[in-house]
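Computed from a predicted model, the values in this text were never measured in an experiment.
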Amino acid sequence: MFISKHANNCCIKYVTLSSRWTYAECRRNKSSVEPKTKTYSHTILFPKTKFPARSSPLDKKYIQKDAKFAELYNWQRSCLKGPEFVLHDGPPYANGDLHMGHAVNKIIKDINNRSQVLQGNKVHYVPGWDCHGLPIEFKALQKAKKYSKNSEPPDPIQTRQIARTFALDTVQKQKEAFESWGIMADWENQCYLTLDKSYVQNQLWQFYKMYKEGLIYRALKPVYWSPSSRTALAEAELEYDPNFKSQEVYVAFEMTNVPDAVKDAIGSKPISALIWTTTPWTLVANKAIAYSANMSYCAVTLSTKPGLFLVAKDQIEELKNVLGSEIDVISEFDGQNLSTCTYKSPLSNEVRPFFEAEHVTKGKGTGLVHTAPAHGPEDFLVALKNKLNVECNVDENGCYTNLGPDYDGLPVLKEGQRVVMEKLSKSILHQGVYIHSYPLDWRTKKPVIIRASYQWFIDTAALKERALTALDKVEFLPPSSADQCRQSFKAQLEKRPYWCISRQRAWGVPIPVLYKGDQVIVDEAMIEKLCQLIREHGADVWWTCGVEDLIPKDVLSQSGGQETVKGKDIMDIWLDSGLSWQTLEGRKSKVYSEGVDQLTGWFQASLLTSIALNNDAPYESIFVHGFVVDEKKRKMSKSIGNVIDPVTIIQGDKKHPAYGIDTLRWWVASHGTQHSQIVVSKKLLDDCQAEVIRIRNIMKYLLGVIDDIDNINIKINLNFFDQFMVNECHEFLYQTNEHYNNFRYNHVAQSILYFISNKVSALYCHCVKDRLYCSPKGSKERVSAQLVIHTIMATLCKTLGPILPHLVEEAWQHHPLCQTPFHFTQDLSLLPPNSIEVSLMDDILNLKREICVRIKNENLKKFDLNLKVDTNLYQKLNELNKNDGINDSVLCEILELASIQLEENKNGGKSEFALSMSNNGQCLRCRKFHVIDNTDKCVRCEKALTLL
């Protein structure tokens, strides 16, 4: 019976076993052989290594010491000759314990750096810490129990001392953790801290340079203000509550002057402008009503409220639902007619104007926008355009001030707002709860307000076009999210009119300015004197020294008898860290690698400062990774109780198993670079641990079979199978490096597992096991296989090293020829690649799959194969089927058959094969069916025993 089937280019016909002889007949033939009772297991060269099957997390510190982890960074700087790869480290905050986000970030960077080192390239990587600002000051004062809701903070000098001690202690703890994770750096000598004297001095000079260029200025502007922290905040220091509940009100403002188009329809009847706001507390600061000249407006009546009201035509349908009222249109006219309108404030009875504004658009509300210049950026621009006075009556604590006894001292977000609404009760048509996204202080988690105050700003409008042009040349990675990240970054830049860089705190770099009355003094000689004092006495001198000590006498004499005082503001921490590219000493970073939240933070601060000072981006590319969430894709939060500590993952605790650093790093590589949300869960960690164990086991096996190798520089001619595997190693290494160079670490992990399972374990090691175990020690056949195994082992170490450096170094210590740690080993003496016909191996493996299908679960070694093929294939396979009468042919080794008989089909046509049980006896040593006389050993094993 024949069954036809195509296998690649080789058409094969299969012959069933019954067409030759039966299993019973085969067994009867073997029964005539003399009984075999000897055992030769003690002569088999089984794998032997002391490399353990499991590793304890406690062993890692000894591995780091033995493998010289602490010396690697400086070694590669001195010894590697490849091009320098610069990865600039974004400084984490020195304000507490490390979390999974830190693990993802630092391990991703280390994977990149180690991959460059193992490709022979020199890496520049200097870790840094952001040591200033409210996050640290707040934590430090809390920890020191010096600060509470009902007490004033300590004086600035004491605050700075507490914060500095806290920051330095935190840096040390975080540094030790990063080292334990295997992060390659010179941790003892090459780290930058934003509190270092040299860093502060440089920052002061960069401030002066930008001020001198007109890019830094002081002005009264509305900024995000945190009453709970009593300081201005930048956009990057906010987090948004998507379900925040605000008080919304619809308020009627009686109009005192109306356009002729309305008068013609309503005569002398009174009409009120209807506005909507979710910040009723700002109504005390109302200065105008904004409208759109491009919208149509109507005079309407409501079924639920007497009188006439002015609203936008496009908002009428929504207002019907909100107010629960029928609305009748009395008159309709263009918005341009509102330019001469005025109204009377219901709180002050002052007459105020209508102004055209671009920010008035269709959507929520009435088409008329309440304008409070001190409490909104668009409102502020309207005031500037129309020369309105901007006055802020809310203090640093978020309380009304200078408004009289009815308001002064009341917190605007609580009691103050209630009082305002009570006074407006007759003018309010509707009030309710409006659920929307609202900014919170990222540290106190409490609502912020917008409040006008005198602050220092960087003129981002002057930098915007140059920044956008530079950004077009920056590559965004990974490619899967590149377009989205680029557009998000550009959108943030385009809509940012200015950058508030002043903070009303003590822990930071001082803004080096003096004030005499309303005059501001920023002087080069003063900066030079200040930097000199910092070198001699430290960065606290701005607070500890008097004005006369800080500035040269000729600058002080400019005061003209007026008192000169120091500024009390510090610089925004985003300016601190944004200038960190200057630690690169003229280098341009190949890549900045941070989380997606830094598109509005460090990526942007770095770009703007570099454009201002260098007119170029500080980076060639940006790699954006996601943030860590739990299995339900919820952000890590202490309130939810889903926070997972990296230390717990590594070391375990009473409730959680110890996974070890290898599993943590493998999880980062497998899941940290391809999604915006990086899920961490027990199941994923269990899976990663199982994969690491699988990797460890194959490395243990590889080390075991080369344990007795004493030279890897042997000149030997490889057979087709050995050369195929060597070529596979080189191709695998090339593809893996491509993945590394493009931050496709998940592809690296998948490729490694596939290579180990399908190429190394299931194919090569499985097929050459007999050579390794049973061929004579030192024989060409066994040594060639060992050299290939060494090449596989070294290739795996090269591809695994960036992700699992501890495992690789531990394994390499058990290599019989190990002289230096793997990362320090430059000459691995890998077998070189050579040209072979890969398609021939495809044909062979396809044939093997079909044979396995036919014999099902039987042992391949029992069978002989008769294979008839066309002339072209016959010539190729015939070369592989030659043997010396002692060892298997290459073709028999790959197919794992007892023997193969090839026939040439000169007429072409389909290939055919037939399988039969071997007539030979089974060797009790190698278990192959190669015994042809009345003995218990094959010729090869007889020879091997004589050499023992």
Quick one: does [X]'s side chain have a donor or acceptor within less than 3.5 Å of a partner on [Y]'s backbone?
X: Gln604; Y: Leu599; result: yes
X: Ser437; Y: Pro242; result: no
X: Trp581; Y: Ala617; result: no
X: Gln455; Y: Ala232; result: no
X: Trp507; Y: Cys131; result: yes
X: Asn386; Y: Val382; result: yes
X: Tyr125; Y: Tyr73; result: no
X: Ser621; Y: Lys590; result: yes
X: Ser580; Y: Ser577; result: yes
X: Ser226; Y: Thr231; result: no

Can you find a heavy atom in the side chain of [X] that is under 4.5 Å from one in the side chain of [Y]?
X: Tyr619; Y: Leu607; answer: yes
X: Glu391; Y: Asn402; answer: no
X: Ile449; Y: His375; answer: no
X: Met571; Y: Ile501; answer: no
X: Arg503; Y: Asp569; answer: no
X: Leu195; Y: His132; answer: yes
X: Trp129; Y: Thr194; answer: no
X: Pro510; Y: Trp543; answer: yes

Without hydrogens or angle criteria, can the side chains of [X] and [Y] be said to hold a donor-acceptor pair below 3.5 Å?
X: Glu84; Y: Asn121; result: no
X: Gln116; Y: Asn741; result: yes
X: Asp572; Y: Trp499; result: yes
X: Gln203; Y: Gln582; result: no
X: Asp441; Y: Ser229; result: yes

Please report the interatomic distance [atom1]([X]) to [atom2]([Y]), rounded to the nearest 0.5 Å.
X: Leu87; Y: Asp110; atom1: CG; atom2: CG; result: 10.0 Å
X: Ile521; Y: Tyr515; atom1: CD1; atom2: OH; result: 11.0 Å
X: Thr371; Y: Asn286; atom1: OG1; atom2: CG; result: 7.0 Å
X: Leu98; Y: Thr170; atom1: CG; atom2: OG1; result: 9.5 Å
X: Tyr93; Y: His102; atom1: OH; atom2: NE2; result: 10.5 Å

**Item:** Evaluation steps, side-chain contact (heavy atoms from CB on, under 4.5 Å), between Ile458 and Leu463
**Value:** CA-CA 9 Å; Ile458 289 180; Leu463 302 170; 4.0 Å; yes
Around atom [atom1] of [X], are there more than 12 heavy atoms from other residues, nucleotides or ligands closer than 6.0 Å?
X: Glu528; atom1: CD; answer: no
X: Lys197; atom1: NZ; answer: yes
X: Glu239; atom1: CD; answer: yes
X: Glu358; atom1: CD; answer: no
X: Lys529; atom1: NZ; answer: yes
X: Asp472; atom1: CG; answer: yes
X: Tyr240; atom1: OH; answer: yes
X: Glu213; atom1: CD; answer: no

Taking only Lys NZ, Arg NE, NH1 and NH2, and the carboxylate oxygens of Asp or Glu, determine whether [X] and [Y] approach each other closer than 4.0 Å.
X: Asp186; Y: Arg77; result: no
X: Asp241; Y: Lys445; result: no
X: Glu475; Y: Arg486; result: no
X: Arg451; Y: Glu396; result: no

What's the shortest heavy-atom distance between [X] and [Y], and which atoms?
X: Thr444; Y: Ser228; result: OG1-OG, 2.6 Å
X: Tyr192; Y: Asp89; result: OH-O, 2.6 Å
X: Val86; Y: Lys588; result: CB-O, 3.9 Å
X: Val369; Y: Val360; result: CG2-CG2, 3.8 Å
X: Gly133; Y: Ile573; result: CA-CG2, 3.3 Å
X: Arg466; Y: Ile611; result: NH1-O, 3.6 Å

**Request:** Apply salt bridge (charged side-chain N to carboxylate O under 4.0 Å, His left out) to Lys209 and Glu524, showing your working.
**Result:** CA-CA 9 Å; Lys209 288 178 184 178; Glu524 181 176 359; over 6 Å; no
**Request:** Would you please indicate if the ring centroids of Phe627 and His99 are separated by under 6.0 Å?
**Result:**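 For Phe627 and His99, the ring centres are not under 6.0 Å apart.
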**Asked** Is the Lys NZ or Arg CZ of Lys221 less than 6.0 Å from the centre of Phe457's six-membered ring, within 45° of the axis?
**Response**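 So Lys221 does make the cation-pi contact.
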**Asked** Which is it for Phe623 and Thr673 under the side-chain contact (heavy atoms from CB on, under 4.5 Å) test, yes or no, and what are the steps along the way?
**Response** CA-CA 9 Å; Phe623 178 82; Thr673 60; 3.8 Å; yes
**Request:** For side-chain contact (heavy atoms from CB on, under 4.5 Å), just list the numbers for Leu193 and Leu168, CA-CA rounded to whole Å, side-chain angles, deciding distance to a tenth of an Å, and then say yes or no.
**Result:** CA-CA 9 Å; Leu193 309 181; Leu168 291 174; 3.9 Å; yes
Mind checking whether [X] and [Y] have parallel, tilted or perpendicular rings, split at 30° and 60°?
X: Trp442; Y: Trp574; result: tilted
X: Phe244; Y: His436; result: perpendicular
X: Trp602; Y: His88; result: tilted
X: Phe207; Y: Tyr211; result: parallel

**Message:** Applying side-chain contact (heavy atoms from CB on, under 4.5 Å) to Gln206 and Thr609, what does each step give before you reach the verdict?
**Reply:** CA-CA 9 Å; Gln206 304 317 315; Thr609 54; over 6 Å; no
**Asked** Name the one of Asp540, Asp169, Asp196 that satisfies salt bridge (Lys or Arg N to Asp or Glu O under 4.0 Å) with Arg164?
**Response**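 Exactly one option meets the salt bridge (Lys or Arg N to Asp or Glu O under 4.0 Å) with Arg164, and it is Asp540.
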